[in-house]
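Just follow the structure's listing: the first ligand is 1, and inside any ligand the first atom is 1. Treat the numbers as computed from the prediction; the structure is a model and nothing was measured. Just so you know, these numbers use all the heavy atoms, side chains as well, and skip hydrogens, waters and symmetry mates. Residue numbers start at 1 and run along the sequence shown.
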Amino acid sequence: MAIEHTFSIIKPDATRRNLTGAINAMIEAAGLRIIAQKRVHMTRAQAETFYAVHSARPFYGELTQQMSAEPVVVQVLAGDNAIQRYRDLMGATNPANAADGTIRKAHALSVGENSVHGSDSADNAKIEIAQFFAGNEIVG
Ligand code: CMP
């Protein structure tokens with residue numbers, strides 16, 4: 001199977017609680033490689049663009065406010081079937097429904113503060129990666 005790239009965000013609820021290393025350890029233990037990573041403080045406009053697909057949802061304002069209120073860590077992860085494998089590792093969006101062994105079961109606080117984001121398709125991974133990384137920042 002071909003190596004895939006996926007885009008990950010370690011969200012403010014996790015960076016605030018010093019969980020970047022713990023989450024990275026879970027990512028690496030699952031066999032995914034962190035091939036790009038940086039800590040950024042998104043502007044509200046960046047968060048609104050990133051989550052534009054959710055702009056009609058009732059939680060859009062709260063989501064984009066939270067994501068731009070504090071630093072996040074953005075990443076590119078690589079591996080066979082990386083998009084689906086990272087979604088499996090993250091667990092259900094609502095941590096109340098997340099399986100044992102997942103990042104959200106271990107660390108998430110609520111559906112709004114669910115510690116991590118991962119791309120849901122190859123097309124979106126490409127779009128999301130391009131919003132935060134130049135090609136020469138991704139080193140496989
Ligand atoms: P994420 O994978 O980053 O993609 C969209 C985000 O919207 C999702 O994770 C949640 O953090 C957030 N979200 C989804 N549903 C709700 C909800 N009902 N209330 C608040 N936030 C939500």
Side-chain angles (χ1 to χ4, degrees):
M1 179 175 284
I3 296 286
E4 270 182 357
H5 290 179
T6 192
F7 180 73
S8 161
I9 304 177
I10 301 178
K11 295 186 178 185
D13 72 272
T15 61
R16 184 197 310 144
R17 289 178 291 148
N18 250 4
L19 292 171
T20 299
I23 290 172
N24 279 350
M26 292 178 80
I27 289 169
E28 292 187 334
L32 294 165
R33 298 183 69 81
I34 302 165
I35 61 167
Q37 174 171 266
K38 60 189 170 190
R39 184 172 163 100
V40 300
H41 193 148
M42 282 192 216
T43 63
R44 185 74 182 255
Q46 270 180 306
E48 287 175 352
T49 298
F50 185 79
Y51 281 117
V53 66
H54 296 302
S55 61
R57 308 287 285 274
F59 55 81
Y60 181 66
E62 182 185 340
L63 175 63
T64 56
Q65 190 280 329
Q66 282 177 350
M67 292 297 289
S68 58
E70 296 173 81
V72 300
V73 174
V74 293
Q75 305 174 307
V76 181
L77 310 181
D80 286 341
N81 200 22
I83 294 166
Q84 187 57 49
R85 281 171 58 210
Y86 189 47
R87 292 186 70 79
D88 292 346
L89 177 64
M90 289 193 300
T93 302
N94 184 343
N97 302 325
D100 285 345
T102 63
I103 293 171
R104 286 170 172 158
K105 176 73 174 187
H107 297 302
L109 301 174
S110 65
V111 68
E113 292 194 304
N114 62 357
S115 300
V116 282
H117 166 86
S119 306
D120 63 4
S121 68
D123 286 347
N124 284 339
K126 210 170 178 180
I127 292 166
E128 292 175 359
I129 289 167
Q131 285 180 40
F132 290 95
F133 291 101
N136 65 1
E137 295 178 303
I138 301 167
V139 184

Identity and distance of the protein heavy atom lying nearest atom 9 (O) of ligand 1: Lys11 NZ, 3.1 Å
Looking at [X], which atoms of ligand 1 are within less than 4.0 Å of one of its heavy atoms?
{"X": "Gly112", "value": "11 (O), 21 (N)"}
{"X": "His117", "value": "1 (P), 2 (O), 3 (O), 4 (O)"}
{"X": "Arg104", "value": "2 (O)"}
{"X": "His54", "value": "4 (O), 5 (C)"}

Do any nitrogen or oxygen atoms of Val116 lie less than 3.5 angstrom from nitrogen or oxygen atoms of ligand 1?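 Min N/O separation from ligand 1 is not below 3.5 Å for Val116.
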Heteroatom distance test (Thr93, ligand 1): nitrogen or oxygen, under 3.5 angstrom: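 So ligand 1 has no N or O lying under 3.5 Å from an N or O of Thr93.
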Mind checking whether Tyr60 and Tyr51 have ring centres under 6.0 Å apart?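 No: the rings miss the under 6.0 Å criterion.
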Centre-to-centre under 6.0 Å for Tyr86 and Phe7, is that the case here?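 Here the rings of Phe7 and Tyr86 have centres that are no less than 6.0 Å from each other.
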Interatomic distance, [X] atom [atom1] to [Y] atom [atom2] [nearest 0.5 angstrom]:
{"X": "Ser8", "Y": "Leu77", "atom1": "OG", "atom2": "CG", "answer": "5.0 Å"}
{"X": "Ile35", "Y": "Glu137", "atom1": "CD1", "atom2": "CD", "answer": "12.0 Å"}
{"X": "Leu63", "Y": "Arg57", "atom1": "CG", "atom2": "CZ", "answer": "10.0 Å"}
{"X": "Ile10", "Y": "Asn24", "atom1": "CD1", "atom2": "CG", "answer": "4.5 Å"}

When Val72 is tested against each of His117, Arg39, Met67 for side-chain contact (heavy atoms from CB on, under 4.5 Å), which residue passes? Met67
Nearest-option assignment for atom 8 (C) of ligand 1, heavy atoms, candidates Asn94, Asp13, Asn114: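 That would be Asn114.
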Given Tyr51, Phe50, Phe59, which one has a non-hydrogen atom that is nearest to atom 13 (N) of ligand 1?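 The option holding the nearest heavy atom is Phe59.
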Could you check whether any side-chain N or O of Asn114 sits under 3.5 Å from a backbone N or O of Thr93, counting only pairs where one atom can act as donor and the other as acceptor? yes
One residue to check: Val111. Relative to ligand 1, which of side chain, backbone, both or neither has a non-hydrogen atom less than 4.0 Å away?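 The part of Val111 near ligand 1 is both the backbone and the side chain.
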Tell me which part of Glu113 gets within contact of ligand 1: side chain, backbone, both or neither, using heavy atoms under 4.0 Å.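 Contact part for Glu113 vs ligand 1: neither.
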